[in-house]
There are 2 protein chains.
Amino acid sequence: MTSTERSATPPRKTRQRAEIRSAVEALDGFATSQDIHDRMRHDGSAVGLATVYRTLAAMATAGELDAIRTPDGQVAYRTCSPGHHHHLVCRTCGRTEEITLPGLEAMVRTIASDHGFGELDHELEFFGICGSCSRP
Amino acid sequence: MTSTERSATPPRKTRQRAEIRSAVEALDGFATSQDIHDRMRHDGSAVGLATVYRTLAAMATAGELDAIRTPDGQVAYRTCSPGHHHHLVCRTCGRTEEITLPGLEAMVRTIASDHGFGELDHELEFFGICGSCSRP
DNA sequence: TTCTAAATGAGAATGATTCCCATGACGTCC
DNA sequence: GGACGTCATGGGAATCATTCTCATTTAGAA
Ligand SMILES: [Mn+2]
Ligand SMILES: [Mn+2]
Ligand SMILES: [Zn+2]
Ligand SMILES: [Zn+2]
C-alpha cells in the first residue's frame, strides 16, 4: 500500500520545494503549513503560502511526510521514518516520538473482517504531556 | 476520568435541546452539526444553526455523545454506549460499528510510560468500506 | 535556445465554526 | 401565579485555515 503509487511525472525541482523540504526537516515535532511558512519567512526565505500548503500536501501524499490532524483541527506535518508507525505527541511542546504497536495491526485486521469491513485504514495518534513538560 | 466532571448547573430544558437530542438519536452513523440541522429542518423543526453547534458540542463534552473528526476535517457526532470504545466508520455510507480493543489500552499505557509521557489520551478511529458498500 | 506544461504567488473565495448581542424563555423564590 | 436573574437562543457578522484563480515565471525536454 506504500509502493504501488507511481506518479507519472516526478515533481520539478524548484528553489521553493527545496527550501520547504529543509525547513520541514529542521523541525523536531509536527508543524502546520503556516508554522513552516512563518519559520521560513523568519529565516529570510521567501515562498508563497499557497506553495507551502501545496508542497507539504504533495509530499505527504507521496509518503515523504507524515500528516496528522491536531486536536483543534489543523493539519500538521513532520518528516518521518519509512514504514507504518504512529506518534506520541506532547500537547504542550509538540515534541514527537514515533512508536510502533506490533500487536495492533493484526488486531485491526481481525476486527475489521469480523465486521465485514474492507479497505481499512486507521488513524491513531496519542497526545500526552512529555517528561520535560510535566516536571520542569 | 469520566465520572469526576461535575458541572455546577445542569443545562436548562428547552424545546431546542430536546429536538436536537432526538434528531441525534435517530441517526445510524456519525453526522455533522450541519447534517443534523438540515435533517431537523427537513423534519419541520426550527432550531438555529448556532444552537445546534453549541448543543452538540456541549453534549459531547458532557460525555453524552461521541465526537470524531472525519478525514476531511469536519466534526461529527453520534450517540454512543457508555465506556471507552472506538469506531469503525464506513467511508462511503457512514455506517458505524463500535469496537473495543481490549489489548490496546494496556499496550498504550506501557508505551507511554516507557517514553515518559503522562496524561495520555488517544484518538483512534478506523475508516473502511462496509460490506454493503463494497459488493452491492 | 525554444517551447510547453508545471509551478508559483498574490489575492480572492470558500466553508466550517465561532462570536456578538439583542431578545426570549427556564427555574427559583416569593 | 407572578417577578426576576440567568442562561439559552438565533441571525448575521466575523474568523480563519485552506483552497481556488489566473497571470506570470520557470524547469526540463527536445
Ligand atoms: Mn512519523
Ligand atoms: Mn461510540
Ligand atoms: Zn512536551
Ligand atoms: Zn457503507
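Numbered from 1 within each chain, the chains take letters A, B, ... in sequence-line order.
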Peer 1: Ignoring backbone atoms, test whether A:Gln16 places a side-chain nitrogen or oxygen under 4.0 Å from the OP1 or OP2 oxygen of C:dG9.
Peer 2: yes

Peer 1: CZ of B:Arg41: more than 12 outside heavy atoms within 6.0 angstrom?
Peer 2: no

Peer 1: Within the structure provided, determine whether B:His115 and A:Ile99 are in side-chain contact (heavy-atom separation under 4.5 Å).
Peer 2: yes

Peer 1: Under the side chain to side chain donor-acceptor pair (under 3.5 Å) rule, collect the residues that match up with B:Arg17, sequence neighbours excluded.
Peer 2: none

Peer 1: Take A:Ala76 and A:Arg12, find for each the nucleotide of DNA chain D with the closest heavy atom, and name the residue whose nucleotide sits nearer the 5' end.
Peer 2: A:Ala76

Peer 1: Can you tell me the distance, in whole Å, between the CZ atom of B:Arg69 and the P atom of D:dT18?
Peer 2: 11 Å

Peer 1: Have a look at A:Arg15 and say if it touches a base, only the backbone sugar-phosphate, or nothing, with a 4.0 Å heavy-atom cut-off.
Peer 2: sugar-phosphate

Peer 1: Please list residues of residues 40-59 of chain B whose heavy atoms come under 4.0 Å from any atom in DNA chain D, ordered by number; otherwise none.
Peer 2: B:Ala46, B:Val47, B:Gly48, B:Ala50, B:Thr51, B:Arg54

Peer 1: Round to the nearest Å and state the distance from B:Tyr77 atom OH to C:dA16 atom P.
Peer 2: 14 Å

Peer 1: Using whole Å, report how far NE2 of B:His37 lies from P of D:dG12.
Peer 2: 12 Å

Peer 1: Considering the terminal five base pairs at each end of the helix from C:dT1-D:dA30 to C:dC30-D:dG1, what angle separates the two local helix axes, rounded to 10°?
Peer 2: 30°

Peer 1: Please say yes or no: joined through hydrophobic side-chain contacts below 4.5 Å, possibly via intermediate residues, are A:Ile68 and A:Leu27 part of one cluster?
Peer 2: no

Peer 1: Closer to the 5' end of DNA chain C via nearest nucleotide, is it B:Lys13 or B:Gly73?
Peer 2: B:Gly73

Peer 1: For A:Asp38 and D:dC16, give me the distance from atom CG to atom P, rounded to whole Å.
Peer 2: 14 Å

Peer 1: So which heavy atom on B:Thr79 is nearest to which on B:Glu98, and how close?
Peer 2: O-OE2, 4.3 Å

Peer 1: Does atom CZ of A:Arg69 have more than 12 heavy-atom neighbours from other groups under 6.0 Å away?
Peer 2: yes

Peer 1: If I take atom CG in residue A:Asp72 and atom P in nucleotide D:dA17, what distance separates them, rounded to the nearest angstrom?
Peer 2: 9 Å

Peer 1: Are the aromatic ring centres of B:His37 and B:Tyr53 under 6.0 angstrom apart?
Peer 2: no

Peer 1: State whether B:Thr14 places a side-chain N or O below 4.0 Å from either non-bridging phosphate oxygen (OP1 or OP2) of D:dC7.
Peer 2: no

Peer 1: Would you check if B:Ile129 and A:Phe117 make a side-chain contact, meaning some heavy-atom pair closer than 4.5 Å?
Peer 2: no

Peer 1: Kindly compute the distance separating OH (A:Tyr77) from CG (A:Leu56), expressed to the nearest 0.5 Å.
Peer 2: 6.0 Å

